[in-house]
Amino acid sequence: MQYAIELYFDADTEQKLYALAQRVADEKLSTKFLEWKTRPHLTLACFNDVDEETCIRHLKDFAKSHKVAPAYIGSVGMFNDTKTIFASPVMNRNMYRMQEELHECLKDFDARGWEWYCPDHWAPHCTLALTRDDEDSVFYRASDLILREFRKISGEFVAVGLVKITFPVSEIYTAALER
């Protein structure tokens, strides 16, 4: 089974990002992202398999040692190969350090094959639309819609969570970061 550790936004930021994904569906372009039933998030790490109890224990400790942090979503981007449209955070040292520390605390789990979620290779993004399975024109029309409607967002990162990558995504455990 495959798992991910996700970094979650405050409720207001989450709603603003979700609204962009919903607009893509409302315009009858693509519903693929919404079908996964996942919250807006940044994926910090992916693993091929984890011991859930051990991972939860590590996440509890991790959350206690990390504070709520500013989240500034400043741009929109795309992965052309997978036709994924996303919002991009403005990166800072704290975000990189947090992701690196998470990997260190979960180093016993198998992250092979997930190189874009490993330290020094991380491409942080908050997915808004998944259009790989749609007609090519959907990718361009959805990109245009999001580009026109996107506004910079200031919020906070408030929690980390363990999810099982199933369809739909299964949230296993969420831990609030310290205030």
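Numbers here simply count residues along the sequence, with the first being 1.
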Side-chain contact, heavy-atom cut-off 4.5 Å: Thr38 with Glu6? yes
Going by an N to O cut-off under 4.0 Å, is there a salt bridge joining Lys32 and Asp134? yes
Rounded to the nearest 0.5 Å, the CG atom of Leu130 sits from the CG atom of Leu34 at a distance of 9.0 Å
Close side-chain approach of Asp108 and Thr54, heavy atoms under 4.5 Å: no
Exercise answer: donor-acceptor pairs, residues 66-78 side-chain atoms, under 3.5 Å, sequence neighbours excluded:
unit_1, atom_1, unit_2, atom_2, d
His66, ND1, Phe62, O, 2.8
His66, NE2, Glu101, OE1, 2.6

Taking the inter-plane angle between the rings of His58 and Phe109 on a 0 to 90° scale, is it parallel (under 30°), tilted (30 to 60°) or perpendicular (over 60°)? perpendicular
Less than 6.0 angstrom separating the ring centers of His103 and Tyr117, yes or no? no
Whether the side chain of Thr131 engages the backbone of Lys83 through a donor-acceptor N/O pair (distance < 3.5 Å, no angle test) should be reported. yes
Shortest non-hydrogen contact from Ala4 to Cys46? CB-SG, 4.1 Å
Return the set of residues passing side chain to side chain donor-acceptor pair (under 3.5 Å) with Trp114 (not counting sequence neighbours), or none when no residue passes. Asn48
Does Phe33 have any ring-ring contact (aromatic ring centres under 6.0 Å, His included) partners at least two apart in sequence or in another chain, and if so, which? none
Thr43 vs Trp122 side-chain heavy atoms within contact, under 4.5 Å: no
Any idea which heavy atoms bring Tyr8 and Pro40 closest together, and the distance? CD2-O, 3.9 Å
For the atom pair NZ (Lys60) and OG (Ser65), what is the distance rounded to the nearest 0.5 Å? 14.5 Å
What I want to check is whether the side chains of Asp10 and Thr13 have a donor and an acceptor closer together than 3.5 Å. yes
Do Val163 and Tyr3 touch side chain to side chain, with heavy atoms closer than 4.5 Å? no
Heavy atoms, side chains only, cut-off 4.5 Å: are Leu128 and Tyr18 in contact? no
What do you reckon, is CD of Glu115 surrounded by more than 12 foreign heavy atoms closer than 6.0 Å? yes
Within the 4.5 Å heavy-atom criterion, are Asp110 and Asp49 side-chain neighbours or not? no
So does Asn80 have more than 12 non-hydrogen atoms from other groups sitting under 6.0 Å from CG? yes
Apart from Trp116 itself, residues in the same hydrophobic cluster as defined by side-chain heavy atoms under 4.5 Å: none
Within this structure, what is the CG-CG distance for the pair Leu102 and Leu44, rounded to the nearest 0.5 Å? 5.5 Å
Under 3.5 Å, which donor-acceptor pairs link side chains of residues 141-160 to any protein atom two or more places apart or in another chain?
unit_1, atom_1, unit_2, atom_2, d
Ser143, OG, Phe139, O, 2.7
Asp144, OD1, Arg148, NE, 3.2
Asp144, OD1, Arg148, NH2, 3.4
Asp144, OD2, Arg148, NE, 2.8
Glu149, OE1, Arg23, NE, 2.9
Glu149, OE2, Arg23, NE, 3.2
Glu149, OE2, Arg23, NH2, 2.7
Arg151, NH1, Arg148, O, 3.1
Glu156, OE1, Arg179, NH1, 3.3
Glu156, OE1, Arg179, NH2, 3.2

Would you indicate whether Glu53, at its atom CD, is surrounded by more than 12 heavy atoms from other residues, nucleotides or ligands within a distance under 6.0 Å? no
Tell me, with the steps shown, if Arg97 and Glu100 meet salt bridge (charged side-chain N to carboxylate O under 4.0 Å, His left out). CA-CA 5 Å; Arg97 190 177 309 122; Glu100 187 174 55; over 6 Å; no
Do Cys126 and His41 touch side chain to side chain, with heavy atoms closer than 4.5 Å? no
Could you pull out the closest heavy-atom pair between Pro89 and Leu42, with the gap in Å? CG-CD1, 3.9 Å
Taking all non-hydrogen atoms of both residues, which atom of Ser30 and which atom of Val138 are closest, and how far apart? CB-CG1, 4.0 Å
Check Ile5 against Cys55 and note the closest heavy-atom contact, atom names and distance. CD1-SG, 3.9 Å
Residues pairing under salt bridge (Lys or Arg N to Asp or Glu O under 4.0 Å) where one sits in residues 161-174, two or more places apart or in two chains, turn out to be Arg39-Glu171, Glu52-Lys164
Would the distance check show the side chain of Thr166 and the main-chain N or O of Pro168 forming a donor-acceptor pair, the cut-off being under 3.5 Å? yes
Minimal non-hydrogen separation, Pro124 against Met91, with atom names: CG-SD, 3.2 Å
